[in-house]
Each structure stands twice: as C-alpha cells, then as structure tokens.
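What follows is one structure encoded as structure tokens, with my remarks underneath.
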Amino acid sequence: MLIALVTHAENGGRLRVLPDAGVPEGPVVETSDLAAAVSDLEARHRPRWLWAETNEVYPALLARSVRVERCQDLAHAEYLVLSYQGRHSEPRGLGAAIARLRGLPVPDDHGPRKRDTQPTLFEPEQERLPGDADPLDAVIAVHAEQQRVVATLGHADQLRLLFAAEAASALAAAEMTHFGLPWRADVHEKLLVDTLGPRPANGARPRKLAELADRITAAFGGKQVNPDHPPGIVRAFAREGIDVPSARAWVLKQVDHPAVEPLLEYKELARLWVAHGWSWLDSWVAEGRFRPDYVVGGVVSGRWATRGGAALQIPRTLRTAVRADPGWKLVAADAAQLEPRVLAALSNDRRFTEVSGDDDLYTTLADEAFDGDRGRAKLAMLSAMYGGTGGEAGPAMVVLRRKFPEAVGYVEAAALAGEQGRMVRSRLGRTSPPPSEAWREATGDTDVGEDALRRSRRASRDWGRFTRNFVVQASAADWTAVLLGALRRRLHQSAKGSHLVFFQHDEVLVHCPEELAEVVCAEVTAAGEEASRLVFGSTPVRFPLKAVPVDSYADAK
DNA sequence: GCCGTGAGCGCC
DNA sequence: AAAGGGCGCTCACGGC
C-alpha cells in the first residue's frame with residue numbers, strides 16, 4: 001500500500017491511499033492528529049509512505065514516538081533524476097518540481113531548511129506552491145511524473161533501488177538524530193582537563209596552550225609569535241634564516257629548530273580545544289546524547305554531510321567518550337577497505353577480484369604485486385583511486401596497471417571522461433556534475449599562449465581526478481545506502497529496541513540492549529551480504545563487514 | 001561589526 | 001613530466 005501525505009500546522013495533515021498493486025485509490029482524508037493516524041495505518045498496513053521530504057515530516061513523528069518502516073522521498077528522488085540528466089543545480093523541493101511539471105516559472109530554492117530546535121509541531125505549511133497547487137495533489141503528481149521519467153532512463157532499475165535506499169537512509173538519519181549518539185560528557189571533560197588543563201574562564205587559552213605559546217615565543221628569541229597565525233610562523237622562521245613554504249605540520253616536521261616541537265604540540269592541542277572543547281560540549285551534548293544534523297546525500301558523490309557538530313570528524317582520541325548505556329552495548333561495524341573492493345566489482349578485474357577475496361586486501365595485494373610491501377601496495381591503490389602520482393606513486397601505478405589492467409583501466413576511463421568534460425556515473429546511477437562554465441572556458445581556449453595552455457591542462461587534469469574518484473566514491477555511497485536500508489529494516493524486524501546511532505561513510509554504530517548484541521552482529525553481516533548482492537549482483541568480490549560489540553567506540557578498532 | 005577567503009587540520 | 005579524491009570547522013585577515 002502506498003499512502004501520500006502532507007502536513008499542516010497544529011499537528012494535522014491530509015493523506016490519500018494511492019492505487020498500487022491492486023489497491024484502489026482512496027478518498028482524501030483529513031486528520032487533526034497526523035501522528036496518530038500514521039501510527040494506526042503503519043500498524044495495520046505497513047504502507048510505503050510518500051511525502052515531499054523526510055526531514056519535513058519524520059522528526060515530528062519521531063518526537064511522538066511514531067516510527068515508519070518504509071517511505072518514498074520526493075526531494076531525494078528528484079535530485080537523483082535531475083542530476084542523472086545533468087541538471088544538478090536546478091532548484092529542488094516540491095515547489096520547484098511542481099513548477100517544472102506545469103511549465104510555470106521555477107521558484108528559487110532556499111537550500112535545505114535549518115532546524116535549530118527539537119521538533120514538537122509539524123512545520124507550518126511552507127510557502128504557497130506555484131500556481132496555487134494543492135500540496136497533496138502536487139506530491140501525487142510529482143511522484144507520478146518521477147515514475148514515468150525514471151522508466152525512460154538508462155539506469156531505471158538501479159535508480160529505483162537507489163530511490164528506496166536513499167529514502168531509507170533519510171529515515172535512518174532522522175532516527176539517528178532522534179535517538180542520539182551516547183556521549184559521556186564527564187569522560188570528555190576529564191580528557192580535556194588532562195590534556196589542556198582546567199577549563200579557563202570565558203574562552204581564554206587553556207593553561208597548556210598558554211605555556212606552549214610562551215615556549216614558542218621564547219624559541220624565537222622572545223619576539224611574539226601567534227601560533228594561530230600561519231603566515232606569522234613562516235615569517236618567524238624566515239627571521240631565523242629558515243625558509244619554509246608554509247606552516248603545515250608535515251612541513252615543520254622536517255625543520256630542525258627548537259620552536260618546532262612546541263609548535264606541533266600546540267597545533268594538536270589547539271585543534272582539540274577549538275573543534276571539540278568545552279564549547280562544543282555545551283552546544284552539542286545534552287542528556288548524554290550527541291545529536292548532529294545529518295544531510296543525506298549532502299556531498300555530490302552521495303556521501304552524507306552534517307550541519308554543525310562536525311559529526312563526521314570526531315577525533316579518534318575522543319571516541320572513548322562514546323559509551324553504551326549500562327546494560328547496553330554498541331555494535332560497531334565497518335566495511336574493510338570498501339573503495340578498492342568497489343573498484344574490483346565495478347571493473348570485473350579477475351585478478352583484482354581474487355585479491356579482494358581476503359579480509360586484508362592490501363596484504364594480499366602486497367604479496368601479489370609489491371614483494372610483500374603493504375605500504376607501497378596501499379599507496380598504489382589510493383593513487384589509482386585518487387589520481388595521485390607524486391613521489392613513489394608513479395612507479396607503483398605502473399606495477400598496478402600491468403597486474404590489474406581492467407581495474408586501473410576503469411578509473412582511467414573515468415579520468416579521461418572528466419578531462420573531456422563528460423559526466424560519469426556510479427553503479428546505481430548517481431551522476432557527476434558537469435564542469436563549470438569557467439572550466440569550459442579555460443579548457444575550450446584555442447588560444448595557443450603558453451599560460452592559457454597550462455591553465456587548460458591543469459583544469460582538465462583536476463576535473464579528471466574528480467571524476468576518477470567519483471565513480472568509486474559514489475558507488476561506495478550506493479553500497480552503504482543500500483546497506484543502511486537493509487540493516488535498518490532487519491533491526492526493526494528482529495532486534496526491536498536496538499537503534500542505529502551513527503554512520504560515517506563506511507561504518508555504523510548500533511546501540512542495543514546487551515542481550516541483543518549477538519543478533520545485531522548477525523544482522524549487520526547479513527545486511528552487508530544483501531547490499532553486495534543488490535548493488536553488484538553476483539560478483540565474487542567480497543565486502544567483509546565486521547561487527548563487534550563494545551562498551552566504548554574507542555574499542556572498535 | 002559583517003562577510004568572504006585562505007590556511008590548516010580533523011574524518012573517510 | 002607532474003598531478004592525491006571528498007567534506008566541515010575555526011581562525012586570522014582584509015575589504016567594506
């Protein structure tokens with residue numbers, strides 16, 4: 001059963017059963033308590049819900065403890081279709097979609113709406129739709145149009161799978177924000193005090209940092225140097241007769257000067273202080289939970305982004321603050337070396353597929369092609385996927401190309417496409433954006449001037465690196481989106497009471513009662529196998545997804 | 001005082 | 001020949 005739904009202010013809404021799989025179309029139903037209506041229909045029919053945007057509807061349902069199993073999200077589907085057609089920057093949202101459908105002027109998009117408080121009510125109805133379209137009619141019409149269009153596209157089946165996976169991801173993201181990542185503020189604070197000194201009054205430098213700043217100044221002969229100001233550091237070294245191109249940590253590491261050691265320590269501690277210090281704790285952790293705002297598909301490649309909280313950059317040292325509640329466990333799972341395995345499956349490279357049969361792909365790769373040197377093997381692999389050839393990468397790539405011609409050929413074809421300004425696609429049809437007008441100008445320049453030629457080649461290569469990486473990164477995002485959908489459904493069915501609480505590119509955390517930990521581990525493994533089968537069919541490539549129950553995220557690896 | 005930019009570094 | 005991919009966040013700075 002498929003039910004379209006729109007929200008009103010004051011907790012109300014309208015819905016309508018759509019004709020689907022033998023079920024006839026129903027009348028428009030108006031309700032003053034949408035959450036109750038959804039809860040009731042969910043329990044009786046487990047329908048697919050159809051709505052404009054998960055983020056506009058689902059947080060308020062969750063706030064009323066209403067969860068749904070499946071939905072279709074028009075905004076995500078719309079973006080996937082538009083970008084497939086090379087129209088990445090066209091406005092998104094229901095208003096824009098209905099305007100396109102009716103041939104009306106397309107209203108400008110205001111970007112994703114910010115949500116700065118916990119949802120208690122549904123958002124009041126947003127701006128009026130173009131042509132005074134009725135919102136429920138608009139949802140239904142736009143959905144029908146999407147179904148029509150997707151059938152005409154080259155990746156129809158894959159895109160339908162991607163629609164479902166992206167919608168499930170949006171549900172999972174809202175639930176992650178709702179349940180929150182367990183975060184022990186006391187553990188975090190102790191770590192801050194131990195490494196930085198006591199919390200200073202009103203944003204002053206913590207004691208440890210102040211001491212280091214003094215040592216840095218002393219090492220430069222007593223002249224004030226602001227360690228937070230890179231150009232000042234470069235100038236300070238110049239006064240000492242040392243030429244450095246920048247104040248980056250890896251550059252300073254090669255310099256022999258008494259200021260280097262305190263500078264490097266300062267950088268490390270200052271980073272912790274500004275990015276994840278006391279003020280971060282104040283703004284982002286409440287009642288033992290960290291609740292970041294996830295942006296599903298926020299990155300062109302389909303990876304997630306976050307708004308505020310830097311949830312995808314939690315430093316390793318802080319992971320000890322992520323602790324399961326008493327009587328609960330965190331099940332941590334990460335896909336080992338996901339991207340090279342994705343490349344193996346995309347390219348069907350027989351020998352590379354054999355290499356990916358092992359749990360540690362790089363060790364096997366090293367034995368196969370790099371005299372057992374795992375470091376070189378990894379470097380070569382990353383260079384192939386990122387486009388690097390500096391330093392040792394060049395010769396390593398030569399070896400890789402000889403041993404695994406189809407795998408290397410796959411990314412090089414993607415790079416060539418980018419250099420020529422063509423689009424590339426992921427396994428399920430995510431599509432790279434067309435290069436900018438400035439890029440076309442730079443590369444289309446028939447001017448034979450040396451500068452113009454250099455600029456043109458550089459722009460072309462840069463875009464080639466982007467598309468080279470895109471095919472791998474975006475296909476990995478396909479796999480993880482399907483994984484999230486599968487895992488979410490499995491947990492809902494056989495490990496009720498467990499929650500997905502964190503997701504980061506290729507790893508997930510599930511918070512569950514202790515006695516469910518084994519079941520959750522098994523479901524993680526099964527979800528990984530399901531994702532591999534759905535995305536890559538019968539590929540022999542293995543995608544190991546190891547799940548371990550832990551008390552603290554820090555114990556996961 | 002606001003805003004955009006570049007440097008730098010955290011994560012994958 | 002040489003070229004690492006994607007993000008978010010904060011700071012200092014310079015322009016207004």
Side-chain angles (χ1 to χ4, degrees), chain A residues 203 205 209 225-235 244-252 263-264 266-277 279-280 283-284 292-295 297-319 334-340 342-343 378-397 411-412 414-415 418-419 424 426 430 432-433 454 457-477 480 502-508 553 557:
Chain A
R205 255 187 200 145
L209 285 176
V225 174
N226 179 359
D228 289 322
H229 187 219
I233 297 170
V234 172
R235 279 198 300 271
V244 286
S246 74
R248 289 182 163 88
W250 68 268
V251 171
L252 298 188
L263 263 172
L264 292 175
Y266 182 93
K267 276 174 183 289
E268 201 180 318
L269 296 186
R271 173 81 198 169
L272 177 66
W273 176 49
V274 298
H276 289 95
S279 57
W280 182 91
S283 355
W284 290 103
D293 223 353
Y294 297 96
V295 187
V299 178
V300 279
S301 62
R303 276 185 172 184
W304 291 19
T306 55
R307 246 190 322 257
L312 304 185
Q313 295 114 260
I314 300 170
R316 286 188 168 276
T317 52
L318 260 184
R319 295 183 181 184
D334 84 296
Q337 301 136 3
L338 176 60
E339 294 192 342
V342 163
L343 176 55
K378 186 171 176 178
L379 178 75
M381 204 56 243
L382 294 178
S383 301
M385 294 186 299
Y386 291 168
T389 50
E392 295 175 56
M397 276 289 286
V411 281
E412 298 204 322
E419 288 174 14
V424 295
S426 75
R430 294 187 206 268
S432 68
R454 205 174 308 123
R457 290 216 175 115
R458 185 178 174 83
S460 177
R461 276 198 316 265
D462 285 351
W463 201 253
R465 269 197 303 284
F466 169 65
T467 51
R468 168 196 293 266
N469 184 249
F470 184 96
V471 291
V472 177
Q473 194 183 107
S475 299
T480 51
F502 189 60
F503 167 65
Q504 169 171 249
H505 307 315
D506 59 4
E507 58 179 316
V508 294
Y553 187 19
K557 273 195 222 181

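Each chain gets a letter, A, B and so on, in the order the sequences are listed, and its residues count up from 1.
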Looking only at the side chain of [X] (C-beta and beyond, no hydrogens), which of the listed nucleotides [options] gets closest?
| X | options | answer |
| --- | --- | --- |
| A/Thr306 | C/dC11, C/dG6, C/dG8 | C/dG8 |
| A/Lys267 | B/dC9, C/dG5, B/dC12 | B/dC9 |
| A/Val274 | C/dG8, C/dC11, C/dG6 | C/dC11 |
| A/Arg271 | C/dG8, B/dC12, C/dG5 | C/dG8 |
| A/Arg465 | B/dC12, C/dG8, C/dG4 | C/dG4 |
| A/Pro315 | B/dC12, C/dG6, B/dG10 | B/dG10 |
| A/Val299 | B/dC9, C/dG8, C/dG6 | C/dG6 |

Does [X] reach a base, just sugar-phosphate, or nothing at all? Heavy atoms under 4.0 Å.
| X | result |
| --- | --- |
| A/Val300 | sugar-phosphate |
| A/Arg319 | sugar-phosphate |
| A/Glu268 | nothing |
| A/Gly394 | nothing |
| A/Gly309 | sugar-phosphate |

Between the base of B/dC12 and the side chain of A/Arg303, is there a donor and acceptor pair under 3.5 angstrom? yes
I'd like to know if A/Gln313 reaches the base of C/dG8 with its side chain such that a donor and an acceptor end up less than 3.5 angstrom apart. yes
Could you tell me whether the side chains of A/Ser301 and A/Gln473 share a donor-acceptor contact shorter than 3.5 Å? yes
Do A/Tyr553 and A/Arg316 have side-chain atoms, one donor and one acceptor, less than 3.5 Å apart? no
For A/His229 and C/dC13, is the shortest distance between a side-chain N/O and OP1 or OP2 below 4.0 Å? yes
Examine C/dG5: is either OP1 or OP2 under 4.0 Å from a nitrogen or oxygen in the side chain of A/Arg461? Give yes or no. no
How many Å lie between CH2 on A/Trp463 and C1' on C/dG5, as a whole number? 12 Å
What is the separation between atom CG on A/Leu318 and atom C1' on B/dC11, rounded to the nearest whole Å? 12 Å
Using only atom types and a distance under 3.5 Å, with no angle test, would you say the side chain of A/Trp304 pairs donor to acceptor with the backbone of A/Gly298? no
Pair A/Arg303 + A/Glu339: basic N to acidic O under 4.0 Å: yes
